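Below is one structure, written out as structure tokens; the observations come after it.
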Amino acid sequence: MALDQSTDMSLSRRAMKAELLDAETELSLAYAWRDDRNEAALHRLVTAYMRLAISMASKYRRYGAPMNDLIQEAGLGLMKAADKFDPDRGVRFSTYAVWWIKASIQDHVMRNWSMVRTGSTSSQKSLFFNMRRVQAQVEREAMGRGETLDKHQLYQMIATEVGVPLRDVEMMDGRLSGSDFSLNATQSMEDEGREWIDTLEDDCAQAAEVVEERHDRMRLRAWLAEALSALNDRETLIVRERKLRDAPRTLESLGQELGLSKERVRQLEAAAFKKMRKHLEGRGAEAEALLA
């Protein structure tokens, strides 16, 4: 459940009053959780480092996400860190937890930054959270050298500094430069203003085209039925099984059913098509395509 503002403040106050763990106590709590699944030890370990999670969450407020949501995500990252922490590796829990907390917060920020997915690869994530800082650094250094960078030069230098393709920098700048725009927004301030979505071209077939296509399809079916009526029962069976099924039968299987050789079935099929083509002569290319 999401935290409200009062819960957020209460949690922050409790976190600031939580105990500070020494290395030995931290290690014993980690062993108790890993080996015995002692929930009291887990609670004590997580509570002690909640102030770290809140401190890290506060650094991401500039991305527009509510602080209580950031704290909640930081707490989830802290829980994951506690669950996966291996005390035998000789690393302090706080050092290990930082990476899980950071990953959880950053994933939340990127998921909620825009309705359009901003990026998913590690390089795109690095660019998302570092682009403005690197851009300011590059512009500051260029100004110190008395240089003026155009947009292409700026993008190229950012791409080199962060280690990502130039196209990723161009894309990310566009995503960071503005928020999502609703297609249901009106084009003017007037009450009867047309919405932007009304300016989009409809890719669907028009009503007249739908009716015409349906008419053509019915006409072709009627021609096919007439052509089939010119065949005898055996020829009709062969044509239906060979051409009018989603999974056409083989000459061999039809031959076994009719008591004929595969070659004889092929000859009957060719003769049937010849009759049908003769019947469809004069109907146009569309009719002839039925037997292609």
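The shown structure was predicted, so the numbers you read here are calculated from the model rather than taken from an experiment. Only this structure's heavy atoms are used, side chains among them; waters, hydrogens and symmetry mates stay out.
- Contact check for Ile158 versus Val164: no side-chain heavy atoms found under the 4.5 Å cut-off.
- Using a 4.0 Å cut-off between charged side-chain N and carboxylate O, Arg37 and Asp83 make a salt bridge.
- Here the NE2 atom belonging to His108 is positioned 5.0 Å from the CD atom belonging to Glu73, to the nearest 0.5 angstrom.
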Original post:
What's the verdict on side-chain contact (heavy atoms from CB on, under 4.5 Å) for Trp100 and Lys84, showing C-alpha distance, side-chain angles and the deciding distance?
Top reply: CA-CA 10 Å; Trp100 283 97; Lys84 295 180 178 295; 3.1 Å; yes
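- Side-chain contact check for Arg240 versus Leu228: some heavy-atom pair is nearer than 4.5 Å.
- Tyr49 meets the ring pair (Phe, Tyr, Trp, His ring centres under 6.0 Å) test with Phe93; sequence neighbours excluded.
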**OP:** Apply the test side-chain contact (heavy atoms from CB on, under 4.5 Å) to residues Asn68 and Gln72: give CA-CA distance (whole Å), side-chain angles for both, the deciding distance (0.1 Å), then the verdict.
**Re:** CA-CA 6 Å; Asn68 49 13; Gln72 182 169 269; over 6 Å; no
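- Among residues at least two apart or in separate chains, salt bridge (charged side-chain N to carboxylate O under 4.0 Å, His left out) pairs with a member in residues 90-101 are Glu26-Arg92.
- Taking hydrophobic clusters as Ile, Leu, Val, Met, Phe, Trp and Tyr residues chained together by side-chain heavy-atom distances below 4.5 Å, Tyr60 shares a cluster with Val98.
- The main-chain N or O of His43 is found under 3.5 Å from a side-chain atom of Thr47 such that the two form a donor-acceptor pair.
- Gln153 has its side chain out of reach of Glu147: every pair of non-hydrogen atoms, C-beta onward, lies at least 4.5 Å apart.
- Using modelled atom types, no side-chain atom of Asp36 and backbone atom of Asn38 make a donor-acceptor pair closer than 3.5 Å.
- Side chains of Asp88 and Tyr31: a donor-acceptor N/O pair is present below 3.5 angstrom, by distance only.
- For the atom pair NZ of Lys262 and OG of Ser253, the computed distance is 10.5 Å after rounding to the nearest 0.5 Å.
- Linking Ile, Leu, Val, Met, Phe, Trp and Tyr whenever their side-chain heavy atoms come within less than 4.5 Å leaves Trp99 and Leu78 in two separate clusters.
- Taking hydrophobic clusters as Ile, Leu, Val, Met, Phe, Trp and Tyr residues chained together by side-chain heavy-atom distances below 4.5 Å, Phe273 does not share a cluster with Val265.
- At a threshold of 4.5 Å between side-chain heavy atoms, the hydrophobic network of Ile, Leu, Val, Met, Phe, Trp and Tyr places Leu154 and Val134 in one connected group.
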Subject >> Trace of the side-chain contact (heavy atoms from CB on, under 4.5 Å) decision for Thr250 with Glu241 >> reply: CA-CA 9 Å; Thr250 63; Glu241 296 299 301; over 6 Å; no
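- Listed for the Arg89 side chain is no donor-acceptor partner under 3.5 Å among the backbone atoms of Val91.
- Ser104 places no side-chain N or O within 3.5 Å of a backbone atom of Ile101 that could act as its donor or acceptor partner.
- Between Val239 and Ala272, the closest heavy-atom pair is CG2-CB, 3.7 Å.
- In this structure the side chain of Ser58 reaches within 4.5 angstrom of the side chain of Met67, judged on heavy atoms.
- Between Glu139 and the choices Glu141, Gln135, Met143, the side chain to side chain contact (heavy atoms under 4.5 Å, CB included) rule is met once, by Gln135.
- For Pro87 against Ala30, the heavy-atom pair with the smallest separation is CB-CB, 3.9 Å.
- Residue pairs meeting the salt bridge (charged side-chain N to carboxylate O under 4.0 Å, His left out) criterion with at least one member in residues 266-275, sequence neighbours excluded, are Glu235-Lys275, Arg242-Glu269, Glu263-Arg266.
- Hydrophobic clustering places Trp33 together with Met79 (ILVMFWY residues linked when any side-chain heavy atoms are closer than 4.5 Å, directly or through intermediates).
- Proximity of a side-chain donor or acceptor of Thr25 to a complementary backbone N or O of Leu21 within less than 3.5 Å is not detected.
- Going from atom CG of Leu251 over to atom CZ of Arg264 covers 13.0 Å, rounded to the nearest 0.5 Å.
- Side-chain contact check for Leu260 versus Leu254: every heavy-atom pair is 4.5 Å or farther apart.
- Nearest heavy-atom pair across Ala41 and Ala32 is CB-CB, 3.7 Å.
- Ala82 approaches Leu42 most closely through the heavy-atom pair CB-CD1, 3.5 Å.
- With hydrogens and angles disregarded, no donor-acceptor distance shorter than 3.5 Å links the side chain of Ser55 to the backbone of Leu52.
- Judged by distance alone, the side chains of Arg140 and Gln137 never bring a donor and an acceptor atom under 3.5 Å apart.
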